[in-house]
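All figures in this text were calculated on a predicted structure; none of them were measured in a lab. Throughout, protein chains are lettered first and strands after them, A, B, ... in sequence-line order, and every chain is numbered starting at 1.
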Number of protein chains: 2
Amino acid sequence: MINEILHGDCLKILKDVPDNHVDLVYLDPPFFSQSDHALKSRKLTEYKFKDTWPSLDAYIDYLGLRLEEIYRVMKRDCAVFVHCDRNASHRIRMLLDQIFGFDRFVSEIIWTYRRWSNSKNSLLGSHQTIFMYSKTENYKFNRIFQDYSESTNLDQILQRRERNQHGKAVYAKDSSGNVVLHGPKKGVPLSDTWDIPYLNPKARERCGYPTQKPLLLLERIVMLASNKDDLILDPFCGSGTTLVAAKLLNRNYIGIDSYSEAVELSRKRIENPIRSDSRLLRTGRATYKNLPREIINILHQLPVKLVQRNRGFDAIHNEFINGKPVVLRVQRKGENLADAAGKLQRAGKTKDAALMILVRTESEGQQQSLFDMFPEDVQVIDSLEVAVQSKMESILHQLRR
Amino acid sequence: MINEILHGDCLKILKDVPDNHVDLVYLDPPFFSQSDHALKSRKLTEYKFKDTWPSLDAYIDYLGLRLEEIYRVMKRDCAVFVHCDRNASHRIRMLLDQIFGFDRFVSEIIWTYRRWSNSKNSLLGSHQTIFMYSKTENYKFNRIFQDYSESTNLDQILQRRERNQHGKAVYAKDSSGNVVLHGPKKGVPLSDTWDIPYLNPKARERCGYPTQKPLLLLERIVMLASNKDDLILDPFCGSGTTLVAAKLLNRNYIGIDSYSEAVELSRKRIENPIRSDSRLLRTGRATYKNLPREIINILHQLPVKLVQRNRGFDAIHNEFINGKPVVLRVQRKGENLADAAGKLQRAGKTKDAALMILVRTESEGQQQSLFDMFPEDVQVIDSLEVAVQSKMESILHQLRR
DNA sequence: TATAGTATTGAATCCGAGC
DNA sequence: CGCTCGGATTCAATACTAT
């Protein structure tokens with residue numbers, strides 16, 4: 001039994017799998033959300049599954065039986081990743097403590113993401129939990145490194161450290177007093193909180209299955225705890241993301257699901273795996289911040305919301321005038337004031353702005369006449385720096401006389 | 001019993017607190033780390049506490065007894081925040097389910113941070129969990145908003161949506177085909193994962209207590225679930241961060257700790273609370289924007305050196321005029337402009353300043369006449385915010401006519 | 001081809017109607 | 001008064017389109 005996707009209850013199907021057989025298990029069972037899930041879309045097939053239970057205990061019993069079977073088929077160096085959310089994570093971890101042992105707990109992974117909503121009486125839930133347990137003390141684990149934090153002083157990291165005669169850690173110096181460098185650095189070990197974007201409604205990766213997980217999440221798990229040609233089991237495979245990750249990373253897989261539509265879908269996806277090429281994933285969140293630091297600093301003075309994705313204006317004031325927005329733009333370094341005003345005005349018009357404010361950051365001397373050419377709804381305000389500069393110049397001017 | 005820090009086991013001390021008495025509880029009990037904590041430092045006092053237990057069950061029993069007492073003293077609209085880490089979070093939540101009820105669960109808050117380490121065979125643990133439970137269905141909750149994601153099309157968010165004849169959501173247009181806007185936006189509701197920097201070893205906020213929590217974390221909790229003059233209880237107060245947060249935000253507090261050193265330390269911190277002004281905290285995700293905008297932020301706009309210890313002016317410009325300094329002062333909140341000018345002038349005279357600049361931060365309407373009374377070497381410049389405000393007002397004025 | 005700007009969509013949540 | 005159900009609202013992040 002290898003590279004197959006099977007239809008049925010995993011409890012039953014796993015009985016046919018021998019002991020100590022698989023190298024990695026990931027499971028994403030129903031979360032005890034006490035509601036049924038369906039994705040309404042205009043696609044031909046509509047996928048759904050039930051997640052309603054007589055009681056929490058019934059749910060835990062259901063899951064416990066299957067986890068025992070999973071434990072049995074795991075090899076000695078196999079790890080399991082159990083995906084859950086806040087509804088029942090504590091109960092699931094109790095189960096894992098029972099079946100695997102308290103000391104076989106390895107990590108509690110937090111998957112965080114941003115999403116839409118309008119919660120009122122509580123915080124906006126935006127994480128899910130993945131428990132990693134191992135069958136024995138020795139389990140497969142490939143170290144993955146991530147980038148240093150932006151606030152890290154990288155050139156210090158590159159210096160080797162040693163202890164001086166008082167046992168204090170100091171930067172190593174060679175005989176001539178120069179700092180000694182380490183070799184190249186790999187980055188920092190992967191954290192247990194993973195900020196991975198939620199699969200958004202427009203993603204091409206989306207296949208119509210309600211609780212589909214991002215491929216990147218599964219790829220990370222597969223890389224972390226398995227090697228090439230290993231056998232990966234997903235007993236609640238749903239849309240088959242785990243299997244796609246396994247295939248793309250040259251692992252073998254067994255997928256099981258009790259919904260025949262899910263099995264069909266997984267088989268289709270395995271044939272033609274789509275990896276979404278999202279800009280957010282490719283370049284990271286930071287590249288969306290296209291406003292230069294100085295401009296952000298100026299705008300942070302004001303009660304405004306920054307707008308990163310519009311070329312014409314940089315911010316919208318928190319207060320509206322008669323239901324119409326007040327938009328602002330900060331003059332760029334080297335940018336002509338009239339150009340800036342023109343861009344601002346064009347963009348502001350499309351939003352029907354009540355007022356457009358251009359913050360002048362460069363003193364241009366005699367160019368006051370240009371102001372006459374400005375559309376009257378664009379108002380120019382000097383930045384503090386320009387205002388101070390002009391005061392200083394006028395004092396100098398007086399002194400020269 | 002109010003605004004006190006008491007020494008002893010909270011189980012015993014809480015017996016003296018009446019039923020339904022406190023408005024908010026935060027507790028940060030030992031985490032069941034099975035090790036003793038001390039912070040080795042060159043400070044005079046070395047703080048330590050034990051976190052070793054005969055068994056997990058013994059730990060849970062210990063905590064359970066105290067949580068029951070806490071439940072009793074909570075008002076009906078009170079919420080509790082229980083801080084724990086991966087060692088025992090699931091068992092603690094089981095306790096909370098028992099004592100408060102499964103349905104009184106409100107949020108699982110994940111505090112993430114970055115830290116140093118070289119984890120070998122697992123992910124680098126970099127989060128802790130805070131469970132929020134309420135005593136009844138109706139509990140205090142103040143909505144806090146955070147910035148939109150960088151990848152959001154903010155100017156699109158401002159547009160109103162409606163359904164067309166096919167039931168499809170589309171952007172609303174008025175009769176002339178222009179988009180219709182919503183009112184101003186506040187941002188998105190605060191997420192349940194909080195990225196708050198760990199108190200780094202060099203932070204001035206650090207007081208030597210091993211598991212000290214960042215003030216920002218506690219301030220957020222206090223703001224979220226209590227109001228002015230409320231009574232906040234921390235039965236494991238440790239270094240007293242909760243109490244400091246309570247005091248800074250004008251709440252009352254009761255702190256309890258079974259280590260007399262901790263009680264002493266808390267009392268000292270309450271007398272002289274230090275808020276760390278780390279750059280990361282200041283420029284980090286903008287929940288801070290609601291706080292009064294600091295004078296430092298304004299001055300950071302300018303090529304000046306800050307002067308921390310002079311009553312009359314706040315900064316000296318990097319450029320001098322004819323060998324004489326240019327000094328600056330920013331008007332304080334609620335400070336009369338003429339007073340500010342007077343102080344600035346007196347201080348500026350002693351330095352033989354070439355120019356004194358007063359940055360006005362409050363629009364005072366008709367008080368322009370006062371300018372005449374100013375010494376002529378004091379020049380008033382409007383802060384950006386004041387300038388923008390006055391433009392907006394003049395537009396409103398025109399509209400009213 | 002690259003990018004700025006517009007069109008779309010879905011799951012969580014709240015809220016009000018109906019019973 | 002408690003329940004369910006449907007509708008409205010929310011925003012993150014894509015696809016698409018025009019330049």
Original post:
Rounded to the nearest 0.5 Å, what separation is found between the CG atom of B:Asp195 and the OG1 atom of A:Thr193?
Top reply: 7.5 Å
Original post:
Is it true that A:Arg332 and A:Asp339 have a side-chain N and a carboxylate O under 4.0 angstrom from each other?
Top reply: no
Subject >> Over-ring placement of A:Arg66 relative to A:Tyr62, 6.0 Å and 45° cut-offs >> reply: yes
Original post:
Checking all strands, does A:Arg86 fall into the base, sugar-phosphate, or nothing category for heavy-atom contacts under 4.0 angstrom?
Top reply: sugar-phosphate
Original post:
Looking at B:Ser149, does any N or O in its side chain come under 4.0 Å of the phosphate oxygens OP1/OP2 on D:dA13?
Top reply: yes
Subject >> Phosphate OP1/OP2 of D:dA15 contacted by A:Arg204 side-chain N/O (<4.0 Å) >> reply: yes
Original post:
Side-chain donor or acceptor of A:Asn118 under 3.5 Å from a matching atom on the base of D:dT9?
Top reply: yes
Subject >> For atom NZ of A:Lys48 and atom P of C:dA11, their distance in whole Å >> reply: 14 Å
Subject >> D:dA12 phosphate, OP1 or OP2, under 4.0 Å from A:Tyr198 side-chain N/O >> reply: no
Subject >> Minimum-distance nucleotide to A:Arg206 side chain [options: C:dC14, C:dT13, C:dG10] >> reply: C:dG10
Original post:
Would you say the side chains of A:Arg86 and B:Ser107 form a donor-acceptor pair under 3.5 Å?
Top reply: no
Original post:
Taking atom P of D:dA12 as reference, at what distance in whole Å does atom OH of B:Tyr148 sit?
Top reply: 8 Å
Subject >> Closest-nucleotide ordering on DNA chain C, the 5'-leading residue of A:His37 and A:Lys120 >> reply: A:His37
Original post:
Between atom CG in A:Asp36 and atom C1' in D:dT4, what is the gap in whole Å?
Top reply: 14 Å
**OP:** Would you mind telling me which of D:dT14, D:dT10, C:dT13 lies closest to the side-chain atoms of A:Trp116?
**Re:** D:dT10
Original post:
Over how many whole Å does the gap from A:Lys343 atom NZ to D:dT19 atom P extend?
Top reply: 18 Å
**OP:** Inspect the contact between A:Lys268 and A:Glu271 and indicate whether a charged nitrogen and a carboxylate oxygen are less than 4.0 angstrom apart.
**Re:** no
Original post:
Within this structure, what is the CG-to-C1' distance between A:Asn87 and C:dA11, rounded to whole angstrom?
Top reply: 14 Å
Original post:
Quick one: A:Glu205 CD to C:dT9 P, roughly how many Å, whole number?
Top reply: 19 Å
Original post:
Over how many whole Å does the gap from A:Leu123 atom CG to C:dA12 atom P extend?
Top reply: 17 Å
Original post:
To the nearest angstrom, how far is A:Gln128 atom CD from C:dA11 atom C1'?
Top reply: 12 Å
